[in-house]
Novice: 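Have a look at the structure that comes next, please.
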Amino acid sequence: MASVSLRNIRKNYTRDVTVIRDVSLDIDDGEFIVFVGPSGCGKSTMLRMIAGLEDITGGELYIGETLANDIHASKRGIAMVFQSYALYPHMSCAENMGFALKLAGTPKAEIDSRVQRAAEILEITHLLERKPKALSGGQRQRVAIGRAIVRNPKVFLFDEPLSNLDAALRLNMRVELSKLHQELQTTMIYVTHDQVEAMTLADRIVVFHAGLIQQVGSPLDLYENPSNLFVAGFLGSPKMNLLAGVMLECGDGLASLSLQQGMIVSARCNASHLRVHDKVTMGIRPEHIRLVSADTAGALAAQVDLIEHLGDVVLAYIEIPGIHEVLCMKLPGSAPALAYGDRIHIAFPPEHVLLFDHEGNALPRLPA
Ligand SMILES: Nc1ncnc2c1ncn2[C@@H]1O[C@H](COP(=O)(O)OP(=O)(O)O)[C@@H](O)[C@H]1O
Ligand SMILES: [Mg+2]
């Protein structure tokens with residue numbers, strides 16, 4: 001077990017291709033950290049630098065107290081699990097799992113007992129003598145994880161390990177990985193582009209975009225207090241609704257803004273560094289839009305454009321006359337039935353309205 005520290009890490013593949021710009025992060029011993037971000041933002045590159053599979057162009061990597069930049073991959077005490085499993089087809093599962101130990105000259109009895117123990121944890125004991133081709137995708141990925149476990153690493157790295165599995169199996173394996181972390185209590189760094197995986201697995205999520213960390217925090221903190229528009233739009237499904245507006249009142253109390261067509265919305269945000277008429281973006285999550293009666297203060301008239309019944313929830317896509325963006329609202333499955341064309345009234349509770357300045361940075365929210 002070990003902590004991992006990244007100090008001003010930079011990665012250039014060529015002189016003018018900078019993939020990681022300047023990344024600093026302290027990962028605690030035993031923590032489950034998830035790197036999330038869109039495809040191409042540098043997540044795998046970051047992980048491969050930690051593993052020692054890629055040179056670090058600038059900055060320092062510490063594993064525990066040790067500066068690890070120049071330590072060979074095989075000496076870092078790290079085990080990595082890849083999306084592609086990367087099992088040897090001619091070896092049985094047991095041989096695949098024990099192979100790294102065999103190369104390191106570990107005695108056979110020791111290898112056998114570690115393979116056995118890992119197989120028990122992963123519930124694949126009955127598969128140990130099979131070759132990979134006789135396994136399902138999920139079983140192969142378990143063997144690949146087993147191969148990492150037997151090495152008893154200080155840190156596990158996972159690069160999109162569930163992306164090749166179908167949806168039901170992904171969910172299953174996600175739960176298994178959480179349990180594995182509870183059992184082993186080893187530091188885990190997990191890369192995914194899937195925000196649901198990030199939200200469900202992480203102690204802390206690190207959101208990457210364009211080679212920089214956008215925000216680090218617990219899943220709920222990032223969900224509730226995104227520090228900028230990128231994080232706000234990335235986490236949450238369906239996405240946060242975002243609407244353009246201009247500031248009307250910018251005190252350090254309740255702020256108010258005007259949407260297109262002069263509709264007025266209040267927000268419990270501190271807008272004291274903005275000025276009247278400054279352009280802003282307001283954000284509200286689908287589950288926070290309220291269905292209200294026409295005489296409610298601040299009610300906005302809207303029309304239902306599309307309804308999706310998901311069983312437990314209903315998604316209603318609605319249009320406000322004069323406002324360009326279609327809004328999504330999430331209602332309980334038991335809510336009164338809405339239908340295409342219905343005319344409704346909605347309200348945005350000020351405590352759930354987020355504001356972002358013209359650079360996309362979130363305004364601080366006022367305590368409730
Ligand atoms: N060996 C390489 N040489 C040059 N560019 C690369 C190499 N590997 C990755 N890149 C580029 O670095 C960027 C980040 O890639 P990667 O770390 O794989 O992103 P992610 O895992 O977040 O999808 C991409 O633009 C990719 O094209
Ligand atoms: Mg990748």
Side-chain angles (χ1 to χ4, degrees), residues 4-25 27 32-61 63 68-70 72-73 76 78-87 137 140-141 144-145 147-148 155-167 169-170 173-174 177 187-202 204-217 219 222 226-237 239:
V4 175
S5 291
L6 311 174
R7 304 272 161 78
N8 304 107
I9 298 278
R10 202 156 45 76
K11 176 69 183 180
N12 292 39
Y13 278 112
T14 59
R15 189 124 54 92
D16 23 300
V17 181
T18 305
V19 176
I20 298 291
R21 291 174 191 282
D22 181 6
V23 165
S24 295
L25 177 70
I27 300 170
F32 200 134
I33 279 273
V34 177
F35 291 172
V36 69
S39 185
C41 70
K43 305 178 298 292
S44 294
T45 300
M46 195 64 245
L47 209 61
R48 292 169 59 81
M49 285 193 283
I50 296 172
L53 302 175
E54 204 69 72
D55 287 337
I56 297 171
T57 310
E60 287 125 44
L61 163 70
I63 299 172
N69 290 45
D70 297 322
H72 191 266
R76 291 190 187 188
I78 281 179
M80 185 150 165
V81 177
F82 301 89
Q83 177 179 346
S84 62
Y85 322 134
L87 300 176
R140 282 179 213 176
Q141 192 54 289
I145 294 169
R147 185 177 49 186
V155 180
F156 283 93
L157 306 180
F158 295 94
D159 194 355
E160 313 232 10
L162 309 186
S163 298
N164 285 354
L165 306 178
D166 65 47
L169 201 55
R170 260 206 316 267
M173 286 294 285
R174 219 169 68 204
L177 281 170
T187 313
M188 295 189 173
I189 309 177
Y190 187 103
V191 161
T192 180
H193 65 273
D194 181 328
Q195 49 105 7
V196 178
E197 273 177 30
M199 291 294 290
T200 51
L201 285 169
R204 283 191 303 158
I205 296 179
V206 183
V207 182
F208 279 86
H209 178 48
L212 289 172
I213 292 180
Q214 301 292 313
Q215 194 174 0
V216 182
L222 263 52
S227 64
N228 61 37
L229 276 175
F230 181 82
V231 178
F234 194 78
L235 297 178
S237 173
K239 286 187 187 312

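All of these numbers come straight from a predicted model, not from anything done at the bench. Order of listing sets the numbers, starting from 1, for every ligand and every atom in it. Quick note: numbers below take in every heavy atom, side chains included, and nothing from hydrogens, waters or symmetry partners.
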Novice: Mark up the atoms of ligand 1 that fall under 4.0 Å of a heavy atom belonging to S39, in ascending order.
Specialist: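 Result: 23 (O).
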Novice: Less than 4.0 angstrom from a charged side-chain N to a carboxylate O is my criterion; do R48 and E54 meet it?
Specialist: yes
Novice: Tell me, which protein residue and heavy-atom name are nearest atom 12 (O) of ligand 1, and how many Å apart are they?
Specialist: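 The closest heavy atom on the protein side is V19 CG2, 3.2 Å.
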Novice: Just go through T14, T45, T18 and tell me whose heavy atom is the nearest to atom 16 (P) of ligand 1.
Specialist: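 It is T45 whose heavy atom sits nearest to atom 16 (P) of ligand 1.
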Novice: Any N or O on V17 sitting closer than 3.5 Å to an N or O of ligand 1?
Specialist: no
Novice: Can you give me the closest heavy-atom contact between N69 and G59, atom names plus distance?
Specialist: ND2-O, 2.8 Å
Novice: For atom 9 (C) of ligand 1, grab the closest protein heavy atom and report residue, atom and distance to one decimal in Å.
Specialist: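 Its nearest protein heavy-atom neighbour is Y13 CE1, 3.4 Å.
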Novice: Which ligand 1 atoms does S44 reach within 4.0 Å, using its non-hydrogen atoms?
Specialist: 17 (O), 18 (O), 20 (P), 21 (O)
Novice: Over 60° means perpendicular and under 30° means parallel, so tell me whether Y190 and F158 are parallel, tilted or perpendicular.
Specialist: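 Ring orientation of Y190 relative to F158: tilted.
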Novice: Are there protein heavy-atom neighbours of atom 26 (C) of ligand 1 below 4.0 Å?
Specialist: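 No, no protein heavy atom sits under 4.0 Å from atom 26 (C) of ligand 1.
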Novice: Distance to 0.1 Å, residue and atom name: give those for the protein heavy atom nearest to atom 24 (C) of ligand 1.
Specialist: G40 O, 3.8 Å
Novice: Does atom CG (D55) have a neighbourhood of more than 12 heavy atoms from anything else shown, all under 6.0 Å?
Specialist: no
Novice: Cut-off 3.5 Å, side chains only: do N228 and Q214 have a donor facing an acceptor?
Specialist: yes
Novice: Looking at the Mg ion (ligand 2), is one of the N, O or S atoms of Q83 less than 2.8 Å from it?
Specialist: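 No N, O or S atom of Q83 is closer than 2.8 Å to the Mg ion (ligand 2), so no.
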Novice: With no hydrogens and no angle check, is any side-chain donor or acceptor of N164 less than 3.5 Å from a backbone partner on Q83?
Specialist: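 A pair under 3.5 Å: yes.
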Novice: Is atom 20 (P) of ligand 1 less than 4.0 angstrom from at least one protein heavy atom?
Specialist: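 Under the 4.0 Å cut-off, atom 20 (P) of ligand 1 does have protein heavy-atom neighbours.
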Novice: So, for F208 and F35, which heavy atoms are closest and what is the spacing to 0.1 Å?
Specialist: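 It is CE1-CG, 3.5 Å.
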